[in-house]
Each structure stands twice: as structure tokens, then as C-alpha cells.
Amino acid sequence: MTKVHPKAKRSSTRFKKDLISSSQYVRPYYMKDFKYISPEALVTKKNRTKFGRRDGCGFIKLWLSEVLKGFKQFLYEGSLHGVKYIFEPTFSHKERVTWIVIVVISITICAMNIIQLVLKWTSTPFVNVIDSLPTPIWAVPFPSVVLCPHLHVKLSFANVSELKGTERFFTSLVCPEINKENKIMDTKQRLTYKENEMLQKFILKGSPSCSDLVKVCHWRSEYETEWFRKDCCEKLLKPIFTDYGLCYTFNSLPLNGMTNKTIDWQNTFNPFATTMSLEWDLDKGYPKKFPPTPGTLPFRVMASGEANGLGIELYLNTSEHQYECDGNNLGFNILISSPTDHVYTSTILRLPMDRMTTVEVSPISYKTDSSLRALSPDQRQCFFQNERKLQYYEFYTDTNCKLDLRIRETVKQCNCALYNWPRKHVWSPICSTKSDFECVAQVKARVGEQLIFAYYADSEEQRKPHEDATSCYPACNDVLYSTQVYYSDLMKDPVDAKMDWDSSKKGERTRINVHFYNDMFLGQHRHAQYDDYYFAGAIGGLLSLFLGFSIISVAELVYFVMLKPLHIAFKGIQV
């Protein structure tokens with residue numbers, strides 16, 4: 001038997017140790033384990049892990065074994081903070097338990113912060129802020145001004161107290177005093193189509209015409225102030241039916257902002273009502289060019305002040321006034337709103353006679369980032385123009401939505417509409433019986449209750465997303481107008497060459513001027529609270545703060561747990 005020299009034996013052992021230590025990782029042990037584990041045990045352990053079977057079962061066992069080893073190597077040698085101390089061979093059992101508790105606490109706190117961040121992002125995905133830069137007034141439309149006289153039936157046309165039958169019913173629809181006394185005619189049958197035409201003619205002929213009311217007006221035509229005398233109504237004002245009867249509106253949109261389906265109905269009181277395409281819209285605004293094109297609808301002004309606003313001198317023939325119809329009210333109702341909002345629900349301004357009324361307007365604009373289009377309307381609490389179409393109004397606003405819903409529900413439940421509501425067909429029935437008006441009142445109450453409950457459901461913090469939004473959310477991009485009103489006296493006997501009405505008639509005059517208060521204003525902007533980059537950065541910051549997790553950690557996890565085990569498994573099966 002050959003005797004091995006002790007020096008040669010020590011040299012062989014040292015060679016094996018050097019051979020083992022030349023590898024960074026000998027599964028399932030690590031470099032730090034070599035000083036505690038004999039090289040023979042390492043070699044034996046390494047050679048023991050062999051899978052002779054080449055079928056799928058052997059591949060899966062080998063792959064799962066390597067995944068577990070790779071995951072252990074990721075935890076021990078990866079970049080995560082504190083995790084490797086759990087597998088530190090030099091630590092005692094108590095030390096490892098201590099680090100397990102520390103890591104679990106860190107993961108728990110990190111998870112709680114991430115959950116709070118996600119909940120905040122889902123519950124309030126956007127915030128409203130004031131614009132950092134002011135917006136010029138020429139970037140928004142001039143407000144719509146609606147003139148409604150407190151004179152619904154002229155005495156020269158008909159004496160209300162002497163009317164009977166159908167004509168008496170006509171007056172009950174337009175005269176506020178008769179409505180207060182509930183003198184609506186109790187008929188069992190609705191008005192026929194012919195009687196509907198009679199009602200339309202009765203209102204048009206009985207109400208004062210635009211030329212009877214407006215004598216002088218001025219408006220900045222293009223870039224010069226232009227005075228109009230006889231053509232105010234032809235160029236600036238359009239007739240419109242409202243809850244206050246027949247009114248005249250300035251700066252209204254084509255078809256008064258209603259859909260093309262109502263054109264036949266509008267032609268019954270405005271033969272010049274036509275469709276027209278607009279270069280402006282609530283979401284896009286005006287075309288991005290300066291100076292702006294003159295005459296673009298809706299009108300806008302370049303500067304603030306009285307000289308750059310709308311001025312109108314109004315005349316009201318008091319000899320035509322009837323107490324039985326209008327009571328003690330004398331003057332005008334003025335409605336100032338956005339051109340897109342219909343005049344039914346606008347704020348009312350009482351315009352007295354023999355006064356100079358100055359209305360200073362301040363716009364309030366609301367804008368929404370296009371990035372929020374990815375959210376549902378229920379999440380962002382608003383609608384873009386292409387997301388919800390109304391049946392009777394071209395532009396979506398919350399006021400138009402409420403009125404459109406009320407009209408649709410009334411037509412559906414009562415099979416009729418009020419005379420001043422838009423209709424798709426001229427021959428559509430008008431609510432005229434007592435049961436019709438009771439049905440209209442019930443629908444109004446029901447729709448109001450429905451909207452209240454919808455708003456309540458949407459205001460809850462733990463609300464559930466709806467497939468179809470039931471609330472009339474505001475428009476994502478909109479313009480509102482706040483007003484300040486000032487009054488001053490006018491001379492009783494004016495000496496003005498522009499006055500061309502018959503001075504022998506008993507009447508009173510008034511004047512109104514509507515203009516912007518300032519050249520600039522600060523709008524409000526709705527933008528995402530966390531965009532994709534900010535949200536990813538916030539999540540990554542929390543993971544890095546509590547665990548030291550980074551993109552490199554992801555790469556390590558993919559390498560040790562996925563790529564390397566697959567490579568070893570395929571190589572082991574081929575052996």
C-alpha cells in the first residue's frame with residue numbers, strides 16, 4: 001500500500017478548498033458557510049442533487065428545487081435591506097428572530113402606506129388648483145344677456161279681464177298673476193294642433209316685440225364700438241321662449257344652443273333660426289390664433305370697461321300694462337349666463353325703470369387636463385362634451401342636463417311638454433289639462449329627488465363605481481359668470497336725438513350696460529393628483545425607504561428565481 005506523505009495530503013486538501021472557494025455559490029451553501037462546513041460535505045451535497053429522470057416530472061422537480069435555492073440566494077445576497085440577516089449562519093436563533101420581527105414590521109408599515117396611497121389615488125384622483133398664470137378675457141365668450149319684460153299681454157292686443165274660454169287659458173299660461181290664483185282652465189281634453197298654433201300666435205302678438213322694447217344699443221363690432229338704432233333686433237337679439245314668456249337674448253348660439261332636432265319648433269317664433277357650425281367649443285375653446293377673427297360666435301371682447309361691453313336703452317310702454325296679468329311688477333328680468341347654458345335656470349336680475357343699471361361681470365373658468373379622460377366620469381365627477389349627449393341641448397352642462405332630464409321624463413310619463421319647452425316636433429302635444437299639470441309637478445319633484453339621491457350616493461367616500469352615471473355632473477370644461485350690480489338715476493325728460501319713440505305714449509325707459517370687470521382673471525384647473533410617473537415614484541420611494549427595493553432588486557429576482565433555475569434545469573435534464 002502506497003503511503004501518502006502528510007505534506008502531499010495537506011496539499012491535496014488545500015487544492016480542494018481552493019477549488020471550492022473559487023465558486024461564489026455552491027448550492028445550497030454560501031461563501032460565508034465555507035469556514036463552518038467541511039469541503040467534503042459540500043462536495044457530497046453538491047453531487048447528491050442529481051435527477052436522473054429526463055421526463056417532465058424530473059424537469060419540474062429540478063426546476064422547483066433550483067427556484068427555491070435561487071430565492072434563498074436572492075434573499076441572502078440580494079440588495080434588500082435586513083433580509084440577509086435572517087439567513088446569517090453566524091447569528092444565533094434569537095438574533096435571527098429579532099431580524100425577522102424587524103423585517104416584518106418594516107414590510108407591514110410599507111404595505112400600510114402603499115394602501116393609503118392607492119386609496120387616496122382612487123378616491124380623489126384629481127385636485128382643483130388656481131391657475132398660476134392669468135387668462136385674458138378674450139379667451140372666453142362674452143356672457144349671454146336675456147331680456148324678459150314684465151309685460152306678457154299688451155292691453156292694446158287683449159283685455160285679460162274680458163277673455164274667456166280658450167283665450168283665457170292662454171293668458172293663464174303666460175300671466176304670473178293668474179298662475180298665482182290657480183285660474184288654470186280645467187279642461188278634460190288637450191289643446192288640438194290648431195289650438196297649439198293659436199297659442200303660439202297669441203303669445204307672439206300679445207307680447208311686446210323686440211323693436212317695441214329696444215330702441216338704442218351699442219356693441220363693439222369687430223374692433224370699433226358700433227351704435228345700432230333700428231337694426232338691434234336684426235343683428236344682435238334673437239327671440240326665445242323661457243319660463244318668463246317670450247324673451248330676447250344677446251350672444252346666443254345658433255338655435256339658442258339647442259340641437260338640430262328642435263329647428264322646426266324654433267322656426268314657429270324665429271323664422272331666421274338656422275343651423276351653423278361653430279369654431280368654438282367648451283373643451284377646445286376658440287381657435288389658437290391672434291388677433292381673433294371678428295364676428296366669431298359666441299361673441300367676445302378684447303378689453304374690459306363700459307366702452308367694450310353691451311349697452312342697451314330699453315323702453316316699456318306702461319299704458320299697455322295690465323294688473324290682472326302682471327300685478328305690480330314693472331320692468332325687466334335680466335338673465336346673465338354662459339352662452340351654452342339655457343336661460344330657464346339662470347340667475348335673475350331685476351331691472352328697474354328710470355335707472356341706469358351697470359353690471360360688472362367676472363368670468364370663472366374651469367379646465368380639466370386631458371389626462372383625466374382615462375378616468376370614468378364617476379371618478380373625475382365631470383363630463384367632457386363627447387361623453388354625454390343631451391336630447392334637446394347641444395352642449396353639456398349641469399343645468400342643461402337637469403332640464404333635459406326633466407323634459408324627457410315629463411314627455412315619457414305625461415306624454416306632453418310645456419309650451420315653452422323645446423320640442424322635436426311642432427305637432428307634439430302641449431300640457432294643457434289639470435291632470436297634465438299635476439303630472440308635470442310630480443315629475444319635477446321626482447326628478448329633483450332622484451338627483452338629490454344620486455348626488456348623495458356619489459358623495460359617499462366608499463361609493464361604488466357606476467356603469468352609467470346618474471348624476472348631472474358639471475362639465476369638465478366650463479365658464480361661469482359672477483356679477484356685481486350698480487344703479488344710478490336717469491333724467492326723466494331726456495334730450496337725446498337717438499330716442500325715436502313717440503313721446504306722446506306713456507312709458508318709462510331704462511338703460512343697462514354689461515361689461516367685464518377686468519382684462520385678466522384667474523381660472524381654476526383640475527388635474528390629476530398623481531400622474532403615472534409621480535405615482536410610480538411614490539410607490540418606489542416607499543419600497544426603497546422601508547426595504548431598499550429598487551429596479552436592481554427586480555432584476556436580481558428575475559435572474560435568481562426565473563432565468564438561472566430554468567438554465568440549470570434544462571442543463572440538468574440534458575446530462
Side-chain angles (χ1 to χ4, degrees), residues 146-209 212-213 239-248 265 268-269 316-333 335 342-345 348 350 403 406-407 410-411 413-423 426-445:
V146 184
L147 308 174
C148 299
H150 282 297
L151 181 58
H152 297 89
V153 179
K154 296 183 292 185
L155 181 60
S156 61
F157 173 74
N159 191 335
V160 173
S161 60
E162 298 177 356
L163 295 178
K164 296 180 181 180
T166 304
E167 291 184 340
R168 178 68 179 180
F169 172 72
F170 293 164
T171 60
S172 67
L173 294 177
V174 296
C175 292
E177 285 299 314
I178 297 180
N179 282 332
K180 290 179 181 178
E181 299 176 5
N182 295 322
K183 291 183 180 180
I184 295 178
M185 185 177 60
D186 185 11
T187 58
K188 296 182 179 180
Q189 294 181 351
R190 289 175 179 163
L191 298 177
T192 63
Y193 176 70
K194 185 176 181 180
E195 290 173 333
N196 289 346
E197 291 182 334
M198 293 172 57
L199 171 63
Q200 196 89 348
K201 294 178 181 179
F202 182 88
I203 297 175
L204 293 176
K205 293 181 179 180
S207 302
S209 65
D212 292 337
L213 302 173
I240 181 65
F241 274 115
T242 72
D243 290 343
Y244 306 99
L246 182 63
C247 302
Y248 302 94
W265 170 73
T268 60
F269 58 87
L316 194 62
N317 190 350
T318 55
S319 63
E320 299 280 10
H321 181 82
Q322 300 186 76
Y323 175 83
E324 292 82 358
C325 179
D326 298 297
N328 293 322
N329 296 323
L330 186 65
F332 291 84
N333 283 330
L335 297 86
H342 204 267
V343 296
Y344 295 160
T345 54
I348 305 172
R350 305 291 185 181
L403 185 57
R406 183 184 170 191
I407 296 175
T410 301
V411 173
Q413 301 295 333
C414 309
N415 195 28
C416 65
L418 296 181
Y419 79 95
N420 58 310
W421 283 355
R423 301 195 297 273
V426 180
W427 44 262
S428 298
I430 295 177
C431 298
S432 51
T433 65
K434 185 177 181 179
S435 59
D436 286 342
F437 291 110
E438 291 176 353
C439 181
V440 171
Q442 292 175 1
V443 170
K444 180 180 180 181

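Not measured: the values here are computed from a predicted model. Numbering starts at 1 and runs along the sequence shown.
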Legend entry - Interatomic spacing from NE2 in H342 to CH2 in W421 - rounded to 0.5 Å: 12.5 Å
Inset, instruction - Report yes if the side chains of F170 and V153 come closer than 4.5 Å at any heavy-atom pair, otherwise no. - result: no
Legend entry - Distance, nearest 0.5 Å, that separates CG of L191 from CD of E197: 12.0 Å
Legend entry - C325 and C175 SG atoms less than 2.5 angstrom apart: yes
Inset, instruction - Working to the nearest 0.5 Å, report the span between OG1 of T171 and CZ of F202. - result: 5.5 Å
Inset, instruction - Indicate yes or no: at least one non-hydrogen side-chain atom of D212 is less than 4.5 angstrom from one of K154. - result: yes
Inset, instruction - Name the orientation class of the two ring planes belonging to F241 and W265 (parallel below 30°, tilted from 30 to 60°, perpendicular beyond 60°). - result: tilted
Legend entry - Beyond-backbone contact of T242 with N420, side-chain heavy atoms, under 4.5 angstrom: no
Legend entry - Non-hydrogen atoms of L155 and E320 that approach each other most closely: N-OE1, 3.0 Å
Inset, instruction - Kindly indicate, with the supporting measurements, whether the criterion side chain to side chain contact (heavy atoms under 4.5 Å, CB included) is fulfilled by R423 and V411. - result: CA-CA 10 Å; R423 301 195 297 273; V411 173; over 6 Å; no
Inset, instruction - Would you tell me whether C247 and C148 have their SG atoms within less than 2.5 Å of each other? - result: yes
Inset, instruction - Please round to the nearest 0.5 Å and tell me the distance separating atom CD of E324 and atom CG of N159. - result: 6.5 Å
Inset, instruction - Check whether any side-chain heavy atom of L330 sits under 4.5 Å from a side-chain heavy atom of H150, and report yes or no. - result: no
Inset, instruction - Could you walk me through whether C439 and C431 pass the disulfide (SG to SG under 2.5 Å) test, one step at a time? - result: CA-CA 9 Å; C439 181; C431 298; over 6 Å; no
Legend entry - Closest non-hydrogen atom pair between E195 and T166, with its separation: OE2-OG1, 4.3 Å
Inset, instruction - Working to the nearest 0.5 Å, report the span between CG of D436 and CD of E438. - result: 9.5 Å
Inset, instruction - May I ask you to decide if V160's main-chain N or O and Q322's side chain share a donor-acceptor pair within less than 3.5 Å? - result: yes
Inset, instruction - First locate atom OH of Y244, then atom CG of L147, and finally report the distance between them rounded to the nearest 0.5 Å. - result: 13.5 Å
Legend entry - Side chain H152, main chain L246, donor-acceptor under 3.5 Å: no
Legend entry - Contact check, side chains of L418 and F437, non-hydrogen atoms, under 4.5 Å: yes
